[in-house]
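Here's the structure, in structure tokens; my notes come after.
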Amino acid sequence: MKVCVLNGKNQIFLTEQGEGPTQGRPAVFLRLSGCNLFCYWCDTDYTWNWQGTLFKHQKDSQANYKKFDKKQYQTELTLEQILGQLEELQNTPRLVVTGGEPLLQEANLLELFKALRSRYNDMSIEIETNGTKAPSRELIKLNVQFNVSPKLSNSKIPKNLRIKPTVLTSFVSVENSIFKFVIIDREDIKELEQLIQQIQIPNEKIWLMPCATTTEELDTTSVWVKEEADYHNWNFTDRLQIRKNIP
């Protein structure tokens, strides 16, 4: 088994969960490489925006921005290598698998999670996913928490690629699932209301998250996004990775 991960020091690292219901809790992050989407505002574009692709990104206008060399930013680790690195961080009871899109590598992740469960029975496991790939029953049975982040039109991705109603409905039925939505403006709220009605996502599973790359942007957008969350009886999540400048 080999898992395709981000190359370099930030492939497996100790930090804290920056978003969602477990925000602020210590966590080991495993960042995987590769994604099936190409969000215009993505803050982990080094996991998919490879040289030779035609994907557009908001940083394209920056003079020093260029697409990434896949050979330099992608590597493969065996199960034993990953477990070895995680063992050094075993006092942290939470693993967050992010990307990219982790469920592109579900078969290999299943082996990893089973091995972790056998060693650390009380470890919590979270998967950050864009909601386009349905998890298997086997993965659901491992009591994994799914942090599902469907992309709205502000991602500038065609709807048929980013919204898979059947897949999203399957995530709704999973007990340990929440839905995070990146919000830029009030038009996103209208779009979100339609999606929630279509998929029938319960209010308690919905988290609004302001789109921002700096603390200043986060402060400005958070004010009215939180108001919208309160008005609709949804949840609001800050983004600690921006405020604390953590990976």
Side-chain angles (χ1 to χ4, degrees), residues 1-20 22 25-39 42-53 55 67-149 167 171 174 176-177 241 246-247:
M1 178 205 112
K2 288 187 177 181
V3 178
C4 192
V5 303
L6 177 68
N7 198 7
K9 64 179 181 180
N10 285 338
Q11 56 190 14
I12 301 177
F13 53 97
L14 178 61
T15 182
E16 57 186 272
Q17 174 61 286
E19 303 168 351
T22 59
R25 297 184 188 179
V28 177
F29 269 62
L30 169 60
R31 188 177 298 282
L32 305 187
S33 182
C35 191
N36 60 332
L37 296 182
F38 39 95
C39 298
C42 179
D43 57 1
T44 57
D45 48 326
Y46 46 81
T47 66
W48 56 267
N49 197 13
W50 309 127
Q51 293 176 356
T53 63
F55 302 130
K67 291 178 178 289
F68 300 91
D69 184 344
K70 189 174 183 179
K71 293 181 180 179
Q72 293 184 8
Y73 281 82
Q74 191 177 90
T75 190
E76 290 184 337
L77 295 182
T78 64
L79 174 63
E80 291 72 23
Q81 287 173 318
I82 294 175
L83 290 173
Q85 292 190 46
L86 291 176
E87 191 169 344
E88 299 176 3
L89 304 169
Q90 62 181 298
N91 291 328
T92 304
R94 184 174 305 277
L95 173 68
V96 179
V97 183
T98 186
E101 174 48 56
L103 290 185
L104 295 176
Q105 304 186 61
E106 182 188 330
N108 291 334
L109 289 176
L110 272 171
E111 291 188 47
L112 173 62
F113 295 162
K114 289 177 181 178
L116 287 172
R117 286 279 190 249
S118 66
R119 295 189 183 193
Y120 317 111
N121 187 49
D122 59 345
M123 174 176 277
S124 298
I125 299 175
E126 300 182 23
I127 295 180
E128 304 282 341
T129 177
N130 59 32
T132 60
K133 300 289 182 182
S136 67
R137 292 183 180 179
E138 190 175 7
L139 181 57
I140 294 173
K141 288 180 180 179
L142 290 179
N143 199 31
V144 171
Q145 177 178 313
F146 296 97
N147 301 326
V148 189
S149 184
V167 174
F171 276 115
V174 176
N176 295 328
S177 68
Q241 68 272 33
I246 57 179

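Here, residue 1 is the first one in the sequence, and each next residue gets the next number. Quantities reported herein were computed from a predicted structural model and do not represent experimental measurements.
Qualifying salt bridge (Lys or Arg N to Asp or Glu O under 4.0 Å) partners for R25, counting only residues two or more places apart in sequence or in other chains: none. For T44, the side chain to side chain donor-acceptor pair (under 3.5 Å) criterion is met by no residue, not counting sequence neighbours. A search for side chain to side chain donor-acceptor pair (under 3.5 Å) contacts involving E106 returns S136, not counting sequence neighbours. Remark: D69 pairs with no residue by the salt bridge (Lys or Arg N to Asp or Glu O under 4.0 Å) rule, at least two apart or across chains. Legend: residues meeting side-chain contact (heavy atoms from CB on, under 4.5 Å) with L37, ordered by chain and number and at least two apart, are C35, N130, T132, K151, I157, L161, R162. Taking S124 as the reference, nothing meets the side chain to side chain donor-acceptor pair (under 3.5 Å) condition, with sequence neighbours excluded. Residues satisfying the side-chain contact (heavy atoms from CB on, under 4.5 Å) test with V144, not counting sequence neighbours, are F113, I125, I127, L139, L142, F146. Qualifying ring-ring contact (aromatic ring centres under 6.0 Å, His included) partners for F38, counting only residues two or more places apart in sequence or in other chains: F55.
For N36 and E101, the side-chain atoms include no donor-acceptor pair closer than 3.5 Å.
The nearest pair of heavy atoms linking R117 to N143 is NH2-O, 3.5 Å.
Between I82 atom CD1 and Q11 atom CD the span is 8.5 Å, to the nearest 0.5 Å.
Pairs engaging residues 135-148 under the salt bridge (Lys or Arg N to Asp or Glu O under 4.0 Å) rule: K114-E138 [sequence neighbours left out].
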